[in-house]
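Read the numbers this way: they start at 1 and go in the same order the structure lists the ligands and their atoms.
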Amino acid sequence: MRGKRMAEVYLPGCNLKCEFCIAPFLIRLGEIRGIQWVGAADLVDERVGSIDALGFGGGEASIHVDYVIEAFSRCRDYGIDTILETNGYMTKRTAEKLAKYTAHVGIGLKASLDKSYYKEKLGVTDPGPIREAAKVFAENGCEVVLTNLTDPNLWNDTQAFQALTTWIAHDLGSETRFALGPLERGEIPPPWTDERIHITPREQRRAHLEAYLKIAKENALSNAFCIPISPRVGRQ
Ligand code: SF4
C-alpha cells in the first residue's frame, strides 16, 4: 500500500473478548464517540477519486460480512483496492464469501493460536476456525498477512510457536508475510482484566520477539519480521 491513498474504516463490535483489547481505552478516553452508520454504497461512492484502497477493521469486520461485501464489490467496480483486517474468527462460509471480494487480508493471531490461551484470555474455546479461514483466503488468491502478538510474561511457548510457523509454511506458503508484535497496553486497563500486562520491560519484550523471529526464519518463513515496539507504551 506504500504510496497509496487509503481509507480505513473501523466497524463496531467484536466476537472475541481479549483482555488486552485497546478499544475500551479509546472509548474511555473519548477517542470513539458519535459513531455514525453510513451505508456501504455511500461510503464508497463518496470517496471515488480520493482513495486508492479501502480497508475495514474493528472491532471485528467479519461480523458485518454483508456490509463489507457490498462495499468491496463496489470498490471492485471502481478499481479501488480492498483490505480486510480481522481476528480470523469466522465460519468457513463467511471466509469464502469475503474472499471473493477481498484482495488483502491481515489476520491478527494471539499467542500462536494456543487453545488454552484463547479460552482463558480471548473467550473462545477453539481457535481452529481461524486456521481454516486463513487457508480459505490463501486458496482464493488473497494476499494474507499474519500478525502474531505475544509477550514473555503472558505467554511463552516455543513449541506451540514452532507448530504455528510450520503450519503457516505448509498450508499458506513459506512466502507468507508474518509479523511478530508485542502485546501493548495503554495506562487504563479494560474492566475485565488485571494489571499484569503492564509489567514487561521493553528490552525484555524486544529480546522475546527477536528469539521468536529466529524460530520463524528457521521454519522457512522467509517473510517474517518484527513490528517495532512503541516507545510510548509500557515500562522502559
Ligand atoms: S479481536 Fe481485536 S477488537 Fe476484538 S476483542 Fe480482541 S483486540 Fe479487541
Using a 4.0 Å heavy-atom cut-off, which part of Lys121 comes near ligand 1: side chain, backbone, both, or neither? neither
Presence of salt bridge, Arg131 and Asp171, under 4.0 angstrom: no
Under 4.0 Å from any heavy atom of [X], which atoms of ligand 1 are there?
| X | result |
| --- | --- |
| Cys14 | 1 (S), 3 (S), 4 (Fe), 5 (S) |
| Asn87 | 1 (S) |
| Lys110 | 1 (S) |
| Leu16 | 1 (S), 5 (S) |

Report the C-alpha distance between Phe56 and Phe72 in whole Å, list the side-chain angles of each, state the deciding distance to 0.1 Å, and finish with yes or no for ring-ring contact (aromatic ring centres under 6.0 Å, His included). CA-CA 10 Å; Phe56 282 115; Phe72 279 179; 5.3 Å; yes
Can you classify the ring geometry of Trp37 versus Tyr67 as parallel (below 30°), tilted (30 to 60°) or perpendicular (above 60°)? tilted
Do the side chain of Thr94 and the main chain of Met90 share a donor and acceptor less than 3.5 angstrom apart?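 Such a contact is absent between Thr94 side chain and Met90 backbone.
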Would Cys18 count as a contact for atom 8 (Fe) of ligand 1, in the sense that one of its N, O or S atoms lies under 2.8 Å from it? no
Take atom CZ in Arg177; do more than 12 heavy atoms of anything else shown fall under 6.0 Å from it?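 At most 12 heavy atoms, drawn from other residues, nucleotides or ligands, come within 6.0 Å of this atom.
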